[in-house]
Amino acid sequence: MKKIELKAKIINDNYTKYVYESFDIQNKEETFTSITMDLSKGKDFDWNIGIVLGGSGSGKTTILKKCGELRHPNFDLEKPLISNFDWLEPKEATLVLTSMGLSSVPTWLRPFHTLSNGEQYRANLAYLVASAKDGEVILVDEYTSVVDRDVAKAMSFALQKYIRRENKRIILASCHYDILEWLMPDWTCSPQKGGTLERCDYRRHGIPKIQISISRVESKTWDFFKKHHYLTEEVNKSCKFLLFEWREKPIGIVAIINQPRKGCPNGFAISRIVVMPDFQGMGLGVKLSEFCGGIIKNEGGLCFIKTVNPALGEYFNKSITWRGTTNNGKSRTIKEGTDKSARNRLERASYCHEYIGESICGYEELLLPIKEMRNNQLNLKLI
């Protein structure tokens, strides 16, 4: 058991004199704090994620500092966020940001100081993780202290997926216990319990489940989400818009458009899909698209999706519920007279897939024509 002793000489003045006279302070020469820690068991097994837990002033940061140097990202506030990752190839930088739950392309182009608290925290994590040298233990203090608790859970889930996939090691210090089942640490250490490392089995319990509510909404709801999509903010108002919420917070939207094609009169396409930045990294984009594919298939339709998002597209390529179409991975032929904005979109190779998974029943009303829904006096939820 290692004991960390923190001593500091007291420089006395009128203020300290007031404290001595008002309270029963015996030692007027120095302050003294003792913190015990024993992380030696960490050498006995393979691990990826450890967390030091405890209340404010319990010694979490002190223990963390004994594990190595605490680094702090230094972002150039003039540059776009993604340009601060200039030791990586551009594609690698996008993958790191996506893995930390920052998959909103417009966010990559904004400078750090214009991001929300949650986005800044994810950017800091991405920087610390990506800049870590091989074999280096990544240290993060005050983990999730400045973000909403549901955001903290989403962030923790995204972080643990990346750390384990890349086989890195990270130790976090936090006063919050609500993140444990989402972070699924391999061990914890609490200064208030003697500072001894304790192994965990959170991974055995599996991924936490969340309950999402779905509503059919008017096209104007798109205005709340549009700035987070990488394509033009405009969208066809004839789309069927589905709003997804968690704990009454809007987390995503999907716009579905009728798209009949040769040999497929009942074809549909997912025209837009947006997951709000605070909830990215949980795999929700995949889940929402598969839900839409399932309810469309249940109505006898075929669901198609086209995206240039590498994380989403690569998932579709490997998934057994999606099948690549003949255009998958290909750029389209450009006709004479095509305007510049459309030309840029057509020149990009895209991920193109058809949903071939299971049908999902019980949500037929979500696909009704909007006029019929209004006539039936169904409540259309507005933001």
Asker: Has Thr221 got a side-chain atom pairing as donor or acceptor with Glu218's backbone, closer than 3.5 angstrom?
Answerer: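 Side chain of Thr221 to backbone of Glu218, a donor-acceptor pair under 3.5 Å: yes, one is there.
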Asker: Any ion pair linking Asp44 and Lys41 (charged N to carboxylate O, less than 4.0 Å)?
Answerer: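 Result for this pair is no, no salt bridge flagged.
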Asker: Measure from NZ or CZ of Arg199 to the centre of the six-membered ring of Phe45, then state whether that distance is under 6.0 Å and the direction lies within 45° of the axis.
Answerer: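 Yes, Arg199 and Phe45 form such a contact.
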Asker: Which pairs with one or both residues in residues 121-137 pass side-chain hydrogen bond (donor to acceptor under 3.5 Å, both in side chains), sequence neighbours excluded?
Answerer: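 Matches after skipping sequence neighbours: Arg71-Ser131, Arg71-Glu136.
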Asker: Are the aromatic ring centres of Tyr363 and Phe291 under 6.0 angstrom apart?
Answerer: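 Yes, the ring centres sit under 6.0 Å apart.
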Asker: Looking at Glu119 and Ser116, would you say the former's side chain and the latter's main chain have a donor-acceptor pair under 3.5 Å?
Answerer: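 Checking the backbone N and O of Ser116 against the side chain of Glu119, a donor-acceptor pair under 3.5 Å is found.
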Asker: Between the side chains of Asn328 and Asn317, is a donor N or O closer than 3.5 angstrom to an acceptor N or O?
Answerer: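 Yes - a donor-acceptor pair under 3.5 Å links their side chains.
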Asker: Could you give me the CA-CA distance, side-chain angles and deciding distance for Asp148 and Lys249, then say whether salt bridge (Lys or Arg N to Asp or Glu O under 4.0 Å) is met?
Answerer: CA-CA 12 Å; Asp148 173 270; Lys249 297 176 183 176; 2.9 Å; yes
Asker: Backbone N or O of Gly300 within a donor-acceptor pair of the Asn266 side chain at under 3.5 Å?
Answerer: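 Between the backbone of Gly300 and the side chain of Asn266 there is a qualifying donor-acceptor contact (under 3.5 Å).
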Asker: Assigning hydrophobic clusters by single linkage (Ile, Leu, Val, Met, Phe, Trp, Tyr; side-chain heavy-atom cutoff under 4.5 Å), is Leu302 placed with Leu288?
Answerer: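 No.
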Asker: Got a sec: does the CG of Asp46 have more than 12 other heavy atoms crowding it under 6.0 Å?
Answerer: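 Not more than 12 within 6.0 Å, no.
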Asker: With a 6.0 Å cut-off on ring centres, are Trp222 and Phe224 close enough?
Answerer: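 Trp222 vs Phe224: aromatic centres not under 6.0 Å.
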Asker: Parallel, tilted or perpendicular: which describes the rings of Phe85 and Phe75, with under 30° parallel and over 60° perpendicular?
Answerer: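 The arrangement is tilted - the two ring planes meet at 30° to 60°.
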Asker: Treat each ILVMFWY residue as a node, draw an edge where side-chain heavy atoms are under 4.5 Å apart, and state whether Leu97 and Trp87 are in one component.
Answerer: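 Yes, it is one cluster - the side chains of Leu97 and Trp87 are joined through contacts under 4.5 Å.
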Asker: Under the 3.5 angstrom rule, does the side chain of Lys306 hit a backbone N or O of His353 as a donor-acceptor pair?
Answerer: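 No, the answer is negative, given that no donor and acceptor are paired below the 3.5 Å cut-off.
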Asker: Does Arg323 pair with Glu354 as a salt bridge, N-O distance under 4.0 Å?
Answerer: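 Looking at Glu354 together with Arg323, the answer is yes, because their closest N to O distance falls below 4.0 Å.
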Asker: Does the side chain of Ser40 come under 3.5 Å of the side chain of Asp38 through a donor N or O and an acceptor N or O?
Answerer: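 Asp38 and Ser40 do have a side-chain donor-acceptor pair below 3.5 Å.
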Asker: Indicate yes or no: at least one non-hydrogen side-chain atom of Thr16 is less than 4.5 angstrom from one of Lys28.
Answerer: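 Of all side-chain heavy-atom pairs linking Lys28 with Thr16, none is under 4.5 Å.
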Asker: Starting from Ile270, can I reach Ile212 by hopping between I/L/V/M/F/W/Y residues whose side chains sit under 4.5 Å apart?
Answerer: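 They do share one cluster, since a chain of ILVMFWY contacts under 4.5 Å joins Ile212 to Ile270.
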